[in-house]
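Structure first, then comments.
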Amino acid sequence: MADLAAVKRALAAQRIETPSWAFGNSGTRFKVFAQAGVPRIPEEKIADAAAVHRYTGVAPTVALHIPWDRVDDYAGLAAYAEERGVRLGAINTNVFQDDDYKLGSVTNPDPGIRRKATDHLLEAIDIMDATGSRDLKLWFADGINYPGQDDLRNRQDRLAAALRETYDRLGDDQRILLEYKLFEPAFYATDIPDWGTSYAHCVELGAKATVCIDTGHHAPGTNIEFIVAFLLRQGKLGAFDFNSRFYADDDLMAGAADPFQLFRIMNEIVRGGALDPAYGINFMLDQCHNIEAKIPAIIRSVMNIQEATAKALLVDRDALAKAQTDGDVLEANSVLMDAYNTDVRPLLGEVRADAGLDPDPVAAYRASGYQERIVRERVGGRQAGWGA
Ligand code: LRH
Ligand code: MN
């Protein structure tokens, strides 16, 4: 049986990083539904991230996205965050929104455009030096739409050259999180389409390069927990972008579309001894709340990850190992399903109460009046996020 005190300690120590951009307006190519009270400046995104941490107790860092969160004084922004009980986390680069990047950024046939893109990656490390961030998160929209449009091999050489220059600029305590994505916006070949391509580039780069798994970036039916188990074994899993999806990169609330998959992923994390923050995996959210209220949605997403984690921590590892060794297929599966089918909400309520928090963070947030206050205060100015 799992040691409940140890389970509660592990849950109290869990850390989840929120994404600044999820607090801003977002949508699809069909429509962006602006919401009242949405942040207009990075400071307001950080204040909203602090609200998530205030009610969950496990979200003390917020990731930034450049240039969406560009400011003149990043050290000042970091101090602003500290004053509100949070720290600045991963720095996300953006080489996917500039007209120059139509045919690619670091893989573009034009060396001048490759230079421009690489300089942005290097600028992000300057920002990390100012914010004290450890993680440089790199996602490239780079790819092609038609066979023959460009040379697949040459694009990999260009990518590797830009990654090498960026890697060599990293400080001792800094690292690269290299994110992959099967498709979109490219619809024939994406230059980093899968975990294997990211992994191979990370091995080529060195110890400070690790893979970032965005749970929405796989072909339907992909066994993501296998990728987790494999990368943990290789010591090359650096981070997650948690969200959920029914079809493609839907960026829905983590655990909303497939809570069993999230449980299976966290089960491999627990089995691999990788839950503890000291292990170094950055558990981040990467979501878009197109129609639902954003802060409660992010609080709910944090809770969904906590619930999947609590169930994974309750797996009777000894009974599981015995059934697996005995080749007792049904017993092994039922040991795992017993944990998954356990209602862990009372346990998490206790963990929150032990931390002086309301057992129900969403209810506590709703009762706080914070939502009404930001709707009242945040009038005028340009709302952050996708053009409303
Ligand atoms: C790309 C992605 C990436 C971010 C962006 C906001 O789909 O997952 O992690 O840069 O979303
Ligand atoms: Mn992502």
Side-chain angles (χ1 to χ4, degrees), residues 16-29 32 38-39 42 45 49 61-70 88-98 101 104-107 117 120-121 123-124 127-128 133 135-143 166 175-187 190-195 197-198 210-219 222 224 227-228 231 237-245 247-255 257 262 265 281-290 294 297-298 301 305 384-387:
I16 296 162
E17 183 158 305
T18 56
S20 66
W21 55 95
F23 297 105
N25 283 325
S26 59
T28 70
R29 57 185 157 177
V32 171
V38 154
K45 299 176 192 177
T61 54
V62 53
L64 300 184
H65 217 297
I66 309 299
W68 300 340
D69 299 317
R70 177 162 282 145
L88 301 183
I91 301 299
N92 286 259
T93 55
N94 181 332
V95 286
F96 52 85
Q97 278 188 315
D98 192 300
Y101 299 144
S105 65
V106 295
T107 62
H120 171 70
L121 309 185
E123 178 212 357
I127 294 170
M128 291 163 67
S133 299
D135 292 340
L136 175 67
K137 176 129 139 321
L138 303 178
W139 171 70
F140 298 97
D142 292 46
T166 305
R175 64 178 181 174
I176 282 174
L177 306 176
L178 189 57
E179 185 176 358
Y180 57 88
K181 182 174 181 178
L182 183 63
F183 78 102
E184 188 208 37
F187 293 107
T190 293
D191 294 296
I192 308 180
D194 54 28
W195 71 272
T197 307
S198 173
T210 59
V211 178
C212 174
I213 298 178
D214 184 312
T215 49
H217 287 187
H218 304 82
T222 299
I224 299 175
I227 301 170
V228 173
L231 290 175
L237 178 58
F240 287 94
D241 265 3
F242 281 125
N243 48 63
S244 69
R245 53 83 169 276
Y247 303 103
D249 192 17
D250 308 353
D251 280 341
L252 300 172
M253 292 188 290
L262 185 57
I265 289 170
I281 294 194
N282 194 347
F283 298 96
M284 302 179 287
L285 290 171
D286 178 8
Q287 303 174 166
C288 293
H289 304 295
N290 302 343
K294 300 169 189 294
I298 295 169
S301 304
I305 295 172
W386 308 15

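Order of listing sets the numbers, starting from 1, for every ligand and every atom in it.
- Contact check on R70 versus E123 returns a salt bridge, with a Lys/Arg side-chain nitrogen under 4.0 Å from an Asp/Glu carboxylate oxygen.
- Atoms of ligand 1 lying under 4.0 Å from at least one heavy atom of K137, given by number and element, are 9 (O).
- Side chains of D250 and N243 form no contact here, defined as non-hydrogen atoms less than 4.5 Å apart.
- Side-chain contact between H120 and I66: present, with at least one pair of heavy atoms (C-beta onward) separated by less than 4.5 Å.
- The N, O or S atom of D286 with the smallest distance to the Mn ion (ligand 2) is OD2.
- Heavy-atom proximity to D214, at under 4.0 Å, picks out these atoms of ligand 1: 8 (O).
- The shortest N or O to N or O distance between W68 and ligand 1 is not under 3.5 Å.
- Looking at H65 next to ligand 1, an N or O pair under 3.5 Å apart turns up.
- Ligand 1 has an N or O atom lying under 3.5 Å from an N or O atom of K181, backbone or side chain.
- In summary, the atoms of ligand 1 found under 4.0 Å from a heavy atom of W21, numbered by their order in the structure, are 6 (C).
- Residue contact check: W139 has heavy atoms under 4.0 Å from atoms 1 (C) of ligand 1.
- Atom numbering of ligand 1 starts at 1 in the shown order; those under 4.0 Å from a heavy atom of D249 are 7 (O).
- Looking from atom 9 (O) of ligand 1 to the surrounding protein, the closest heavy atom is E179 OE1, 2.7 Å.
- The shortest N/O to N/O separation between D286 and ligand 1 falls below 3.5 Å.
- The name of the N, O or S atom in D241 nearest to the Mn ion (ligand 2) is OD2.
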Next on the checklist: Let's go through F242 and F283 carefully: what are the C-alpha distance in whole Å and the side-chain angles of both, what is the deciding distance for side-chain contact (heavy atoms from CB on, under 4.5 Å) to 0.1 Å, and is it a yes or a no?
Outcome noted: CA-CA 7 Å; F242 281 125; F283 298 96; 3.7 Å; yes

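- Here the angle centred on the Mn ion (ligand 2), running from OD2 of D214 over to OE2 of E179, is 90°, rounded to 10°.
- Inter-residue side-chain proximity for N94 and F96 is flagged as met; some heavy-atom pair is nearer than 4.5 Å.
- Of the residues listed (T222, V211, I265), the one engaging I227 in a side-chain contact (heavy atoms from CB on, under 4.5 Å) is T222, and it is the only one.
- Note: an N/O pair closer than 3.5 Å links D241 and ligand 1 by distance alone.
- When D251, T28, N25, D249 are each tested for a side-chain contact (heavy atoms from CB on, under 4.5 Å) with C288, only one passes: D251.
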Checklist entry - Would F140 and L121 count as a side-chain contact (heavy atoms from CB on, under 4.5 Å) if you check the C-alpha gap in whole Å, the side-chain angles of each, and the deciding distance to 0.1 Å? => result CA-CA 11 Å; F140 298 97; L121 309 185; 4.0 Å; yes

Checklist entry - Can you list the steps and then say if W21 with D286 is a side-chain hydrogen bond (donor to acceptor under 3.5 Å, both in side chains)? => result CA-CA 8 Å; W21 55 95; D286 178 8; 2.8 Å; yes

